[in-house]
S.K.: 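Below are the structure tokens for one structure; questions will follow.
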There are 2 protein chains.
Amino acid sequence: MNTKYGDYEQTGVTVDLSIFTVNEDRLKAMLVRRAEAPFQGFWSLPGGFLKNGESLDAAAQRVLIEKTGVNDVYMEQLYTFGDPKRDPRSRVITVAYIALIPWQNLPKPESEKVTGLTWVSVDSLPKLAFDHKEIMSYAVKRLRAKVSYSNIVHGLMPRQFRLSELQSMYECIIDDKLDKRNFRKRMLATGLLKETGKKDLAGAHRPAMLYQFKTTEIVFF
Amino acid sequence: MNTKYGDYEQTGVTVDLSIFTVNEDRLKAMLVRRAEAPFQGFWSLPGGFLKNGESLDAAAQRVLIEKTGVNDVYMEQLYTFGDPKRDPRSRVITVAYIALIPWQNLPKPESEKVTGLTWVSVDSLPKLAFDHKEIMSYAVKRLRAKVSYSNIVHGLMPRQFRLSELQSMYECIIDDKLDKRNFRKRMLATGLLKETGKKDLAGAHRPAMLYQFKTTEIVFF
DNA sequence: CATACTTAGTGTTCATTGTACACTTAGTAT
DNA sequence: ATACTAAGTGTACAATGAACACTAAGTATG
């Protein structure tokens, strides 16, 4: 396990992902069932070892596609966790990422039994393997904070949406209610939205204008 | 070099530190001269390999003490850089940290020739080894941003100080002038400062009250 | 010892931003 | 035709941020 340097241990490097979506008015995270020891049968964050010649971002992308089938989503590095005892087998440090996926973009969920995957509200997480609870807490904290000073919710919205849907998205991430008129004023004032000209005729009520983001980039207010 | 897993390379893990101080009204970073290849003779960030059983934070602390002789300073993890080509020898990922040290707390600098250490204004950095320029840019960006929404400057101030010194600290980090009255109002309004009751009688002018921070913790506004 | 010099210390006005709050509109359903 | 539902809109007030100039309390000098 150790190199010729003695003091300098060979270290495993993994990436672990906090993949978020919003569904049924709940902020949810993807968990995968561990098939093997340690923590066999426990839920954990999707992750994997860094491969030969692979950048950290690329590794995170790879894990994302493996588990969700989805590409091209918002992703950012969160933090690196390196407690020497965090993996009982050997020294492994993990570079944690946050990813955001609009629920609509996810393939229809198959049975949890088959896939070993599930989406769980971040407020009612089960016991998680390793230090994944800590990682997840940190990710939720970062996401909640970032919502208030950036347009990061973009990563969770479908391409076109009603302003009321956008508002709900904010509300369920920050877990608080917002004033409709002030919300609309602020959002339109950012200049990041544009009207599509289309209307959403669903429902027995006045149809809503559909909006979309002008740019994919994350902007800080 | 490779493990039995083939795809999964053994990876070196280092920590690299952007250590900042302010002196002569300049935000400066510590650089160390590389004694060995690669990048022999180049300036680089202080850093080192993660040791056996050592947490990332502990490794960063160790490097800090080795290079500065100083303990107990503000330090935070910055970002993890993992481009597969960032070290020409082999796969090494590095966890970057930011550290802040009040200039007054540093031991008297010996000759650069002897120590291989120097402090350079972040606006006039020389060519750096590896991807250290990129790391440093990111660190400066983070520090400049954080100054405006936290009391992180605490990490750069001596224990007691005049409000005008505090203002200068802000000004030279954000590289802009601030209004004296508004600055004082805002600072005192945070409630994070307390008067020491002492006066600074240096200089041929009205003596200044000395202040200190009530708490060591970093607070976000 | 009177005067000049230097930095410390202090308030107010105005502009901008944020917050609270209720009714009309345009569709569908009965 | 009427009821129902979510969409869409404006204003008054409070809080915050920004611009701005003089007096105070020491030391240094002639």
Side-chain angles (χ1 to χ4, degrees), chain A residues 22 24-25 145 147-151 153 157-158 160-172 174-213 219-221, chain B residues 22 24-25 144-151 153 157-213 219-221:
Chain A
V22 170
E24 298 167 324
D25 278 320
V147 154
S148 63
Y149 62 86
S150 76
N151 67 340
V153 291
M157 298 299 294
Q160 304 197 335
F161 47 84
R162 295 174 280 139
L163 285 182
S164 60
E165 291 175 309
L166 186 60
Q167 183 173 346
S168 304
M169 183 61 70
Y170 272 88
E171 288 176 337
C172 91
I174 63 174
D175 198 21
D176 203 0
K177 288 285 166 197
L178 297 172
D179 178 84
K180 182 162 70 157
R181 278 174 291 189
N182 294 337
F183 177 80
R184 290 168 167 252
K185 249 181 293 176
R186 257 205 320 268
M187 280 300 128
L188 296 174
T190 64
L192 298 171
L193 296 176
K194 67 176 176 200
E195 294 190 6
T196 62
K198 296 188 202 156
K199 290 183 180 182
D200 177 358
L201 289 162
H205 51 79
R206 177 173 177 175
M209 286 296 307
L210 289 173
Y211 288 81
Q212 62 184 50
F213 283 99
V219 179
F220 299 93
F221 303 142
Chain B
V22 169
E24 298 167 325
D25 279 321
R144 292 210 157 115
K146 213 150 182 172
V147 154
S148 63
Y149 63 86
S150 77
N151 67 339
V153 290
M157 297 300 292
R159 207 169 68 82
Q160 304 197 334
F161 47 84
R162 294 174 281 140
L163 285 182
S164 59
E165 291 175 310
L166 186 60
Q167 183 175 346
S168 304
M169 183 61 70
Y170 272 89
E171 288 176 337
C172 92
I173 294 172
I174 62 175
D175 198 20
D176 203 0
K177 287 286 166 197
L178 297 171
D179 178 84
K180 182 161 70 157
R181 279 175 290 191
N182 293 336
F183 177 80
R184 294 162 91 95
K185 249 180 294 176
R186 257 205 319 270
M187 281 302 130
L188 296 174
T190 63
L192 299 171
L193 296 176
K194 67 175 176 203
E195 294 190 7
T196 61
K198 296 189 204 155
K199 290 184 181 181
D200 178 358
L201 289 161
H205 51 80
R206 177 173 177 173
M209 285 297 307
L210 289 173
Y211 289 80
Q212 62 184 49
F213 284 99
V219 179
F220 299 93
F221 303 143

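The shown structure was predicted, so the numbers you read here are calculated from the model rather than taken from an experiment. What you see below is based on every heavy atom in this structure, not just the backbone, and it leaves out hydrogens, waters and symmetry mates. A, B, ... follow the sequence lines: proteins, then strands. Residue 1 opens every chain.
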S.K.: Could you tell me how far apart A/Leu166 (CG) and D/dG8 (P) are, to the nearest whole angstrom?
M.R.: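 After rounding, the reported distance stands at 12 Å.
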
S.K.: For B/Arg186 and D/dA19, what is the distance between atoms CZ and P respectively, to the nearest whole Å?
M.R.: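 Going from CZ in B/Arg186 over to P in D/dA19 covers 11 Å.
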
S.K.: Please find the pair of heavy atoms, one from B/Leu178 and one from B/Glu171, that lie closest to each other, and give the distance.
M.R.: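 The answer is N-OE2, 2.9 Å.
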
S.K.: Taking CZ from B/Phe221 and C1' from D/dG17, how many angstroms apart are they, rounded to a whole number?
M.R.: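 Going from B/Phe221 (CZ) to D/dG17 (C1'), I get 15 Å.
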
S.K.: By nearest heavy atom, map A/Asp179 and B/Pro207 onto DNA chain D; which one lands nearer the 5' end?
M.R.: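 Taking each residue's closest nucleotide, the earlier one in sequence belongs to A/Asp179.
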
S.K.: To the nearest 0.5 Å, how far apart are CZ in A/Phe221 and OH in A/Tyr149?
M.R.: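 Reported value, rounded in 0.5 Å steps: 11.5 Å.
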
S.K.: Whole Å only: how far is the CZ atom of A/Phe183 from the P atom of C/dG18?
M.R.: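 In whole Å, C/dG18 P and A/Phe183 CZ are 14 Å from each other.
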
S.K.: Starting from P on C/dG9, measure out to CD on B/Glu165 and report it in whole angstrom.
M.R.: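 Rounded to whole Å, this separation is 11 Å.
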
S.K.: Is any side-chain N or O of A/Lys199 under 3.5 Å from a base N or O of C/dG27, one able to act as donor and the other as acceptor?
M.R.: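 Under the 3.5 Å cut-off, the side chain and the base do not form any donor-acceptor pair.
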
S.K.: Should the side chain of A/Lys185 and the base of D/dT11 be counted as holding a donor-acceptor pair, with the cut-off at 3.5 Å?
M.R.: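 Looking at the base of D/dT11, it does pair with a donor or acceptor on the side chain of A/Lys185 (distance under 3.5 Å).
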
S.K.: In whole angstrom, what separates A/Leu178's CG from C/dC21's C1'?
M.R.: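 So the CG-C1' distance, A/Leu178 to C/dC21, works out to 15 Å.
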
S.K.: Map A/Arg181 and A/Ala204 onto DNA chain C by nearest heavy atom, then report which one ends up closer to the 5' terminus.
M.R.: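 Taking each residue's closest nucleotide, the earlier one in sequence belongs to A/Arg181.
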
S.K.: Find the distance B/Asn182:CG to C/dC14:P and express it as a whole number of Å.
M.R.: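 Whole-Å distance recorded here is 16 Å.
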
S.K.: For residues B/Leu193 and B/Met187, report the shortest heavy-atom separation together with the two atoms involved.
M.R.: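 Shortest heavy-atom separation between B/Leu193 and B/Met187 comes out as CD1-CB, 4.1 Å.
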
S.K.: Using the rule side chain to side chain contact (heavy atoms under 4.5 Å, CB included), only one of B/Leu166, B/Leu188, B/Thr196 pairs with B/Tyr211; which is it?
M.R.: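 That would be B/Leu188.
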
S.K.: If you take the centroid of each ring, where Trp contributes its six-membered ring, are A/Tyr170 and A/Phe183 closer together than 6.0 Å?
M.R.: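 Here the rings of A/Tyr170 and A/Phe183 have centres that are less than 6.0 Å from each other.
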
S.K.: How many Å lie between CG on A/Leu188 and C1' on D/dG10, as a whole number?
M.R.: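 Value for this atom pair: 14 Å.
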
S.K.: Of A/Lys180 and A/His205, whose closest DNA chain C nucleotide lies nearer the 5' terminus?
M.R.: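 This one resolves to A/Lys180.
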
S.K.: OP1, OP2 of C/dA8 versus side-chain N and O of B/Ser164: anything below 4.0 Å?
M.R.: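 For B/Ser164, the contact criterion (side-chain N or O under 4.0 Å from OP1 or OP2 of C/dA8) is met.
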
S.K.: Does A/Arg206 make a side-chain donor-acceptor contact with the base of C/dT25, cut-off 3.5 Å?
M.R.: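 Such a pair exists between side chain and base.
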
S.K.: So A/Arg184, base contact, sugar-phosphate only, or nothing? Heavy-atom distance under 4.0 Å.
M.R.: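 If one applies the 4.0 Å heavy-atom cut-off, A/Arg184 turns out to touch a base.
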
